[in-house]
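Given the structure is predicted, the values throughout are model-derived calculations rather than measurements. Heavy atoms only: backbone and side chains are in, while hydrogens, waters and symmetry mates are out. Within every chain, numbering begins at 1; the chains are lettered A, B, ... in the order of the sequence lines, protein sequences first and strands thereafter.
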Amino acid sequence: MTEPTVRFDHITKRFLGVQALDDVTLEVAAGSCHALCGENGAGKSTLGKVLAGIHSPDGGKLFVRGREVRFNSPRDAFAAGVGMVHQELAYCGNMSVAENLLLGKLPRRRGFVDRAPLDQRAREMLAEIGAELDVRAPMSDLRIAQQQLVQIATVVGAGADIVVFDEPTSSLSQADADRLYELIERLKARGVTCIYVSHRMPEIYRLCDTISVLRDGRHIATRPAATLSESELVTLMIGRELGDYLPQGEERGTGKELLRVERVSVPGKVRDVSFSLREGEIVGLAGLVGAGRSEVAQAIFGLENVTSGRVFVDGEPARISEPKDAIRLGIGLVPEDRKRQGLVLGESGLHNTTLPILSRLSRALFVRRREEETLASTFFSALRVRTPNLAAPVAGLSGGNQQKVVLARWLAANSRILILDEPTRGVDVGAKAEIHRLIRDLASRGNAVLLISSELPEIIALSHRVLVMRQGELVTEVPRAQATQELLLRLMAGVELVPAA
Amino acid sequence: MLASQETGLVIVVALVVLTLTALAGSHADRLSGTAVNNFLNSNTLIQVATDASFFAIMAIGATIVIISGGIDLSVGSIYALAGVSMALALRALGQASPSTIVVVGLLTCVGVGLLCGVLNGMLVVGLRVHPFIITLGTMWVLRGIAFVATKAESILVPFSLTSVTKASLGLRGGLYPVPMLVMIAVTILGTLYLTRTVMGRHIFAFGGNVEASRFAGLALGRIQLGVYAVSGLTAGLAAFLGASLYGSASSGDAQGYELYVIASAVVGGASLIGGKGSAVGAMLGALLIVLIRQSIRTLHFDQNYEWIVIGCAIIVAVVIDRWSAGVTSRRLSRSSAAPATGGIT
């Protein structure tokens, strides 16, 4: 047996009283693609960050290519050929692609940055991973997928042959994710060892040959991917049998129309979109990133400049010019970007939950705090939000629990029309199943749900019908019986439209 | 009911008071002949509180602005304009009953302050320019208006105002506790406003995350307008106390106060990034800065060192505050490691 490229030897790490890693010992074979799986908080990202020099372990040893190493910073790791592609991309948006690629080692001549070799070197680094981008464009003009390419190029182009990917597809569309998979496969073919942190089943099985499972900071198992079934993997990750991981939704009768959108347009983003939502109905909204899904959601919620079209709530024409109007009409939006748009991270779960409805909870300007706490704790226990107490800042909660706080907000606001934009993005398997159950539950109580998701299995499993958007327009509606991943993908991408059966 | 955030500040203030008491020495009282500490005596303490009251009242306004993620550099100028407006208005009013004079004076001061604050707010919201720039501009414009309106003269205000501000309220020995009492009242009102009212909670959310506040349906423009209005209002109130205490108002009053005020707010735990701060903290911050100034006098240091000492003290205070906040959050996270649900602790 060959020497493992990376060996974690009894690694432990504590954060502020939380045992993030507990005596983890595992080996990564040279040239393999090794998955680190586990629920959020299982320690998989932390382990990746220990390898990349971002966290230094409290105990245990780390070996790279047989030699013990001690990384005090990402720079040290980089020097040893270890790089990391982060879940949340860090870059200087105002600087060019080339500058970002070579930040820290900008070519200089007499103290000034030398442009020509800078651009040249940047192009070479991008070519290394087969990417072509305008190296002079400001970073902020790039799409997320392109920004990620720059990050991969930074790492690989600088000579790293051990790359940690930390949930790299969490904010990519299906098509961009597919391109990323191909890139990772190419890297693998070149002998680059990939450590792939993820909890998305399909991509793990597509890319990885070995799977290690972490739970509560402990190493649970390492198996070849070929011998570990998907359901076994889920069981290992959550430590219990999960009855219905993603069961098919059942057809059910729906009630009266709650929301009707008629020929709504937002200049440059959405054109002539019409659809309706009924009581008890979950309607999926599929489309590639940039197809205008979130824009439709935000237009209904009063956040976009709607130039034409009408919206009806309960059959009555509704004037929604700002979110306040939408909230008053019983519309709730769980936004795409939980941390930026959904929550005030430094504030408590309690305050985040009641933020939109404080005036309803107040008497003579003062917030009735007892009532507020009762309301929030009712929904926190209904949604099983795991938090030390109502006053704990939401910044400290896991992704799934943060998302539940945003959901609790709209339930507390009595919203009957719920627009959920990527409700399970960055949420672990257990919480995901809970959120799915919750969405069904909400619908069965007579609410209408518009579900936007980049995960087609999620849309197919939950929706009664699926709307497909492409380039700002609603192209078609697919009833649940016909909704397959393949058909939806074709419709979303606009290739070879199969004639309707 | 002090939040952990303020405990550190209380300790620092207490330490300064103890040190000053220990080092100040004492003198013999003229009447009774008993030994009186040069610092720890009612006269000096009320003097410190009076000096602090102007800063503290405005610092509470500034804290509210800073929590929203903004900044108000114009409070010193608002103070000056409100003061001279009152002096001019009362001169125009001529002879009147003392109560009329007090009511007109107070309304003019507070009204002009509020108006200037609303102007700041409208400019910030309407022009979408960073409040630093807007209030830097109005800082000069408003003081300029005061300058032009008074032709740079100092204007006396009627004695009935001074008699209210310097009222002894039954205390002996020429003590006047009114400014201090107003400071305490404003601190209580500010605390209630920030922690208990809908508006206060909206300000925290706005400063913590504007985008999330928009998605939660808050009226963003109104929140921003509101914080500058409150800041102007507190400057007007401080101007009323100041002008009536000293018996005159001039366009040169309160030069540089904006920096003392912002320093008080920041020393009091307000974060310039927004989303964090408290009225009690601002009051304690103002008190600490005035105490440090006082210590130079009490300990007979060279007055010329005042700015150096205050500058260093501000930086040290903020670093200590950050450090103690870190310790507290670590302690909190350790105690919350045990699973629990629901209920507020």
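For the pair E372(A) and R201(B), the minimum side-chain heavy-atom distance is below 4.5 Å. No side-chain heavy atom of F204(B) sits under 4.5 Å from any side-chain heavy atom of H351(A). A 4.5 Å side-chain heavy-atom check between E322(A) and R214(B) finds every atom pair outside the cut-off. Residues L365(A) and M199(B) form no side-chain contact, since every pair of their non-hydrogen atoms from C-beta on lies 4.5 Å or further apart. Put simply, the side chain of L218(B) reaches to within 4.5 Å of the side chain of L355(A), judged on heavy atoms.
The environment of CZ in F366(A) is crowded: more than 12 heavy-atom neighbours from other residues, nucleotides or ligands sit within 6.0 Å. By the neighbour-count criterion of 12 heavy atoms within 6.0 Å, atom CD1 of I273(B) is sparsely surrounded, having that number or fewer from other residues, nucleotides or ligands.
Smallest separation of non-hydrogen atoms from F301(A) and F215(B): CE2-O, 3.1 Å. Contact detail for A212(B) and G342(A): the closest heavy-atom pair is CB-C, 4.0 Å. Considering every non-hydrogen atom in both G217(B) and I327(A), the closest pair reads CA-CD1, 3.8 Å.
Contacts between R369(A) and chain B at a heavy-atom distance below 4.5 Å involve the side chain alone, from C-beta outward. Interface remark: R409(A) contributes side-chain atoms only to the contact with chain B (heavy atom separation under 4.5 Å). For T354(A), the part lying near chain B is the side chain, with the backbone staying farther off; criterion is any non-hydrogen pair under 4.5 Å.
Of the listed residues G207(B), G208(B), A205(B), the one with more heavy-atom pairs under 4.5 angstrom with chain A than any other is A205(B).
Judged by distance alone, with hydrogens and angles left aside, the side-chain atoms of N209(B) form a donor-acceptor pair with the main-chain N or O of R340(A) at under 3.5 Å.
Interatomic distance, S213(B) OG to Q341(A) CD, rounded to the nearest 0.5 Å: 12.0 Å.
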